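The sequence lines fix the lettering, A, B, ..., with proteins before strands; numbering per chain opens at 1. Owing to the predicted nature of the structure, the values given are computational and were not obtained by experimental measurement.
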Amino acid sequence: MINKQVSGVQEAITGVSDNMTCMFGGFGLSGIPENAIAALVESGVKGLTCISNNAGVDDFGLGLLLQQHQIKKMVSSYVGENDEFERQMLSGELDVELIPQGTLAERCRAAQAGFPAVYTPAGYGTEVAEGKETREFDGKMYVLEHAFKADFAFVKAWKGDAAGNLIFKGTARNFNPNMCGAAKITVAEVEELVPIGELDPNQIHIPGIFVQRIFQGEKYEKRIEQRTVRKRE
Amino acid sequence: MALDKNGIAKRIAKEVQDGYYVNLGIGIPTLVANYVRDDIEVEFQSENGVLGMGPFPFEGEEDADVINAGKQTITTLPGASFFDSAMSFSMIRGQHVHLTILGAMEVAENGDIANWKIPGRMVKGMGGAMDLVASAENIIVAMMHTNKAGESKLLKRCSLPLTGVGCVKKIVTNLAVLEVTDNGFKLLERAPGVSVEDIQNATEGTLIVEGDIPEMAI
């Protein structure tokens with residue numbers, strides 16, 4: 001087996017430099033690459049363009065990179081939960097490109113799958129489609145959306161092996177599988193790195209071919225953004 | 001009397017049919033799940049990657065890895081499935097989800113919808129709304145008939161930036177059930193005790209009233 005395992009998060013983020021474009025998996029705070037984000041904060045790398053569905057909260061997730069002014073531009077579908085984000089956006093320090101959530105997923109998938117662009121009905125007739133090619137198929141209008149070009153993809157899975165095979169858990173899966181192989185280098189962090197041969201090949205969500213580096217995260221806080229419960233009867 | 005938010009949700013729940021896969025937006029649409037009949041089988045989809053959503057978890061059983069698109073902790077029902085974001089929107093874009101219920105700031109008589117951006121205010125983003133409205137065959141908008149300033153939200157043309165064009169088919173408000181037709185908003189039902197005149201006064205767009213308009217049965 002080709003071994004993708006690296007010594008830890010420091011080796012995993014080697015090569016990330018100023019002004020690069022990086023993808024980050026996660027939906028809200030669920031399934032975010034916590035360890036890679038913490039290491040990038042510490043590295044002091046600046047001017048990042050981040051492709052991520054959301055931008056974290058003030059003191060967690062990508063909010064940590066925002067606090068240190070390490071992000072130049074966010075490409076996201078929804079960014080509402082972060083005061084520092086709002087401040088930097090309104091002051092013009094931070095460039096924000098808002099795109100439909102399905103388009104975000106599909107631009108990742110297109111990059112992964114070798115499609116230069118895809119037609120989607122999402123956003124047709126809205127400001128999202130301004131300046132983009134449109135085309136009619138069977139009487140309905142579509143917008144041409146281009147595959148992302150990114151330097152690194154940081155994803156988080158539940159279990160993985162040294163071959164880079166990944167299994168996700170629950171809704172922490174979200175954008176993570178779509179970003180694997182969608183950048184020049186995909187860095188996967190997992191809660192549990194198991195010996196090769198232990199994962200059932202039938203159960204693997206992302207084959208190791210899409211992953212260049214894998215490591216087991218030191219710890220996972222797995223913070224809950226909206227804790228909602230019901231009373232026991 | 002005009003309906004409250006739960007009343008709107010109750011009326012919309014009657015549109016949910018046996019065998020439907022349904023995507024519920026945030027706000028009033030979320031309440032619809034509480035009122036769907038017990039004797040039909042329906043699965044709720046959340047675009048962050050779950051089909052077969054159940055109720056909120058009991059205290060102490062919350063799981064950071066199991067949330068809905070509103071980032072709330074949820075549970076799943078037997079037979080549920082998880083999937084990635086691209087597959088989730090394949091369900092939506094590919095019209096495998098039968099019904100989308102979402103809120104709106106404005107709806108126009110040609111079916112245009114605006115629900116993501118108010119110029120001059122902090123813009124949070126469209127999330128999955130543009131994909132949902134551009135793709136779903138069956139979209140019901142759940143909203144109050146007028147905004148907080150008392151202005152109609154059912155307009156000739158939307159004034160806010162659009163989320164989608166010509167996509168809304170049906171609207172359920174606190175005052176009425178309306179259908180979007182080629183000629184304008186066709187009034188189908190009145191909220192209990194609300195007159196056609198009340199609805200007319202609260203509707204800026206063209207309102208089509210044909211014959212006697214029945215009261216909603218809730």
Side-chain angles (χ1 to χ4, degrees), chain A residues 25 27-31 53-54 76-81 86 89-90 96 98-106 108-109 112 120-128 140-143 158 168-178 205-206 220-232, chain B residues 46-50 53-76 80 82-93 95 112-114 116-117 122-136 161-167:
Chain A
F27 190 101
L29 301 178
S30 191
N53 190 53
N54 312 98
S76 305
S77 87
Y78 193 85
V79 294
E81 324 297 347
E86 184 170 347
M89 181 172 152
L90 295 174
V96 179
L98 293 169
I99 62 175
Q101 196 176 122
T103 299
L104 179 63
E106 210 56 33
C108 293
R109 209 191 72 84
Q112 177 193 61
T120 174
Y124 176 75
T126 76
E127 61 184 53
V128 163
K140 183 166 172 157
M141 293 303 294
Y142 295 80
V143 184
W158 178 38
F168 301 90
K169 182 164 165 270
T171 54
R173 191 182 317 191
N174 56 63
F175 289 85
N176 285 299
N178 308 130
H205 293 133
I206 284 291
Y220 284 96
E221 182 181 335
K222 298 221 273 186
R223 197 185 292 189
I224 291 173
E225 203 163 332
Q226 303 283 343
R227 188 178 299 275
T228 44
V229 295
R230 73 190 139 125
K231 288 211 171 68
R232 287 174 198 275
Chain B
S46 196
E47 62 267 25
N48 60 313
V50 54
M53 262 193 295
F56 293 142
F58 290 120
E59 203 166 346
E61 293 178 2
E62 315 91 284
D63 182 348
D65 291 336
V66 184
I67 63 170
N68 64 17
K71 293 145 192 162
Q72 297 171 310
T73 45
I74 55 158
T75 60
T76 53
F82 296 115
F83 36 85
D84 65 65
S85 298
M87 187 175 285
S88 179
F89 283 93
S90 296
M91 293 177 191
I92 292 165
R93 226 184 288 103
Q95 301 192 337
D112 290 357
I113 177 172
W116 76 284
K117 182 176 185 180
M122 170 66 187
V123 181
K124 293 187 169 187
M126 66 291 282
M130 285 194 180
D131 307 274
L132 283 158
V133 301
S135 311
L162 295 180
T163 307
V165 294
C167 45

[X] portion near chain A, given a 4.5 angstrom heavy-atom threshold:
X: B/Val123; value: both
X: B/Ala69; value: both
X: B/Asp112; value: neither
X: B/Ser46; value: neither
X: B/Glu61; value: side chain

Residue part contacting chain B, namely of [X], when any heavy atom lies under 4.5 Å:
X: A/Asn54; answer: side chain
X: A/Glu106; answer: side chain
X: A/Met141; answer: neither
X: A/Ile99; answer: backbone
X: A/Lys140; answer: side chain

Interatomic distance, OG@A/Ser30 vs CG@B/Asn68, rounded to 0.5 Å, equals 10.5 Å
Measure the spacing between CD of A/Glu127 and CG of B/Leu162 and express it to the nearest 0.5 Å.
9.0 Å
If you define the side chain from C-beta out and look only at heavy atoms, does anything of [X] sit under 4.5 Å from [Y]?
X: B/Met126; Y: A/Val128; result: yes
X: A/Thr120; Y: B/Phe89; result: no
X: B/Asp131; Y: A/Thr103; result: yes
X: A/Pro121; Y: B/Arg93; result: yes
X: B/Ile67; Y: A/Gln226; result: no
X: B/Lys117; Y: A/Thr126; result: no
X: B/Phe82; Y: A/His205; result: no

Tell me, with the steps shown, if B/Trp116 and A/Leu98 meet side chain to side chain contact (heavy atoms under 4.5 Å, CB included).
CA-CA 11 Å; B/Trp116 76 284; A/Leu98 293 169; 4.1 Å; yes
Within the distance-only criterion (no hydrogens, no angle test), does the side chain of A/Thr171 pair as donor or acceptor with the backbone N or O of B/Gly49 below 3.5 angstrom?
no
Could you tell me whether the side chain of A/Thr228 and the main chain of B/Thr73 form a donor-acceptor pair under 3.5 Å?
yes
Heavy atoms only: give me the nearest B/Ala86-A/Arg109 pair and the separation to one decimal.
CB-CD, 3.7 Å
B/Gln95 CD: over 12 foreign heavy atoms closer than 6.0 Å:
yes
So which residue, B/Met87, B/Met130, B/Lys71, B/Gln72, ends up with the most heavy-atom pairs under 4.5 Å with chain A?
B/Lys71
